[in-house]
Amino acid sequence: MKVVFMGTPDIAATVLKAIAAKHEVICAYTQPPRPAGKGLKLSPSAVQITAEQLGIPVRCPISLRKPEVQAEFAALKADIGVVCAYGLILPQAVLDAPRLGCLNVHASLLPRWRGAAPIQRAIQAGDAESGITIMQMDAGLDTGDMLLKGVVPITPDTTAGNLHDQLAVLGADLMLKTLAEMPSPTPQPTDGITYADKIRKEEALIDWTKSAMQIERDIRAFNPFPIAYFMHGSERIRVFGAEVEPTRTDAVPGTVLDDRLLIACGGGTALRLTVLQRAGKKIMPAEDLLKGWTLPKGTRLAV
RNA sequence: CGCGGGGUAGAGCAGUCCGGUAGCUUGCCAGGCUCAUAACCUGAAGGUCGGAGGUUCAAAUCCUCCCCCCGCAA
């Protein structure tokens, strides 16, 4: 099949690679290169890099609203559009242009977690499972009819990073299956709908008044981006791992309870930080960090 | 020229401003001690101070160039 691909980050690149191996990808749409990294160099998206390696033409329109952009899209005369984390709204004209419309790889078990950050929100919410839904796109936000689903369990070790990687592989797999078998669409259930808001940078600042359990989930949900952190004086310390401690405390949330990074949280709970990174330093286990640095018992971290 | 931190013993750090014997904590090894603790005591090993030049009687420290790691920002 003649496929036009639309996507931007790693998960989309994985899907693109898989599809390109079995189908003719005639063009890849992705977000334009953005300044990133230490020199603020212009960096192409993961999809652009992959597409170029595969010799697939790349287009990076800022928006799909303009008639000429839509005309270019239609001129591809694709059989089908495959969309995965593209980051742009697809106008009806674009959705309708390919002969078979557009399919979307969405990283949740719809209708739960429609929207931008389904992977992270599922972990934060303490869901037992996540997954992939392949759907026929319509004009709504992740409201299209479902074609195929796959489930991935969320465990105490699940981070947004490793869940993302699993979902990328699963998503690629399911999309290939969908293209091969074209299963009949089922409408999404009308109950169980939730929305996964975009992750905002501010959310990464740890709020010690939350329960230890919630903070621990947040830490996993925000890894590898944007990474949960707290401030100690003017120093920013990022937290990559923590364990909920069974002890109860009546200390004010944010109070350091011992010399080994046990922090009082909301509701009398306590969280032990296990993997951290000081600004400019490497990520290290608490054990190593504490050899040359201390967060003294009794310190009150800002909440 | 986006802003900034860092590279010193296996690990984590101090020392650099103000040049003069290579330090701390921890780990490892040996021994002792304890009902017990991330236990405690004693002793020992372990370092081309990221690299190359330069200045100097003398450089981890001052000057020049280079390599590598990381935070912010996006």
Side-chain angles (χ1 to χ4, degrees), chain A residues 7-13 29-50 52 58 60-63 85-89 115-117 119-120 159-162 164 197-208 212 215-216 218-249 251 255-264 270-299 301-302:
Chain A
T8 299
D10 289 339
I11 187 169
Y29 278 69
T30 190
Q31 297 265 338
R34 297 258 155 71
K38 290 194 172 63
L40 285 188
K41 291 182 291 287
L42 234 45
S43 311
S45 74
V47 163
Q48 179 165 353
I49 293 169
T50 300
E52 284 171 354
V58 174
C60 306
I62 310 264
S63 151
Y86 180 32
L88 286 186
I89 308 256
I119 298 176
Q120 294 92 326
T159 62
N162 58 34
H164 164 280
D197 290 340
K198 231 189 315 192
I199 302 291
R200 283 165 292 114
K201 256 306 181 35
E202 309 88 80
E203 294 180 74
L205 176 59
I206 293 175
D207 175 0
W208 299 108
I215 294 172
E216 193 276 332
D218 290 353
I219 289 167
R220 287 185 286 123
F222 294 157
N223 180 354
F225 177 85
I227 301 295
Y229 71 94
F230 63 91
M231 299 301 295
H232 176 231
S234 61
E235 187 178 13
R236 179 195 191 100
I237 297 169
R238 310 209 294 168
V239 183
F240 289 78
E243 286 168 9
V244 176
E245 199 88 350
T247 48
R248 307 290 298 178
T249 175
T255 303
V256 179
L257 299 174
D258 67 10
D259 289 327
R260 287 178 296 145
L261 303 174
L262 184 65
I263 318 291
L271 189 68
R272 188 174 301 285
L273 310 181
T274 55
V275 184
L276 339 242
Q277 180 183 36
R278 293 173 64 195
K281 301 292 190 177
K282 291 182 178 173
I283 301 171
M284 63 183 83
E287 188 189 336
D288 285 351
L289 177 72
L290 292 173
K291 283 171 182 167
W293 183 84
T294 52
L295 187 61
K297 178 178 178 176
T299 303
L301 300 173

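Remember, predicted model here, so these are calculated numbers, not experimental data. What you see below is based on every heavy atom in this structure, not just the backbone, and it leaves out hydrogens, waters and symmetry mates. So that the names make sense, note that chain A is the first sequence line, chain B the second, and so on, each numbered from 1.
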Rounded to the Å, how far apart are A/R278 CZ and B/A14 C1'? 12 Å
Using the P atoms only, state how far B/G6 lies from B/C33, rounded to an integer number of Å. 46 Å
Answer for the Watson-Crick or wobble partner of B/A9, both distances under 3.5 Å, is none
Looking only at side-chain N and O atoms, does A/R238 come under 4.0 Å of OP1 or OP2 in B/G71? yes
Heavy atoms from C-beta onward define the side chain here; which of B/G71, B/G12, B/A73 lies closest to that of A/K201? B/A73
Interatomic distance at P, B/U34 relative to B/C41, whole Å: 15 Å
What is the distance, to the nearest angstrom, from the CD1 atom on A/I227 to the P atom on B/G71? 9 Å
With respect to the side chain of A/A279, which nucleotide from B/A38, B/G71, B/U26 is positioned closest? B/G71
Is it the case that A/S45 and A/T8 place a side-chain donor and acceptor less than 3.5 Å from each other? no
By nearest atom, which of the nucleotides B/G2, B/G12, B/A74 is closest to the A/P35 side chain? B/A74
With C1' as the reference atom in both, quote the distance from B/C13 to B/C49 in angstrom, rounded to an integer. 14 Å
Interatomic distance at C1', B/U16 relative to B/C62, whole Å: 10 Å
If you measure from the P atom in B/C72 to the same atom in B/G51, how many Å do you get, rounded? 29 Å
Salt bridge flag under 4.0 Å for residues A/E245 and A/R272: yes
Sugar-phosphate, base or nothing in reach of A/Q277, heavy atoms under 4.0 Å: sugar-phosphate
Using the C1' atom on both, measure B/U56 against B/C63 and round to a whole Å. 12 Å
Look at all strands and tell whether A/L40 reaches a base, only sugar-phosphate, or nothing, counting heavy atoms closer than 4.0 Å. base
Under 6.0 Å from the CG atom of A/L40, do we count more than 12 heavy atoms belonging to anything else shown? yes
Does A/K38 make a side-chain N or O approach to OP1 or OP2 of B/A74 shorter than 4.0 Å? no
Please determine whether a side-chain nitrogen or oxygen atom of A/R236 lies at a distance below 4.0 Å from atom OP1 or OP2 of B/G4. no
Taking A/T249 for its side chain and A/A251 for its backbone only, find out whether a donor-acceptor pair lies under 3.5 Å. yes
Within 45° of the ring axis of A/Y229 and under 6.0 Å from its six-membered ring centre, is that where the NZ or CZ of A/R238 lies? no
Separation of B/G6 atom P from A/M284 atom CE, nearest Å, is 14 Å
Please pick, from B/A38, B/A74, B/G6, the nucleotide with the shortest atom-to-atom distance to any side-chain atom of A/K281. B/G6
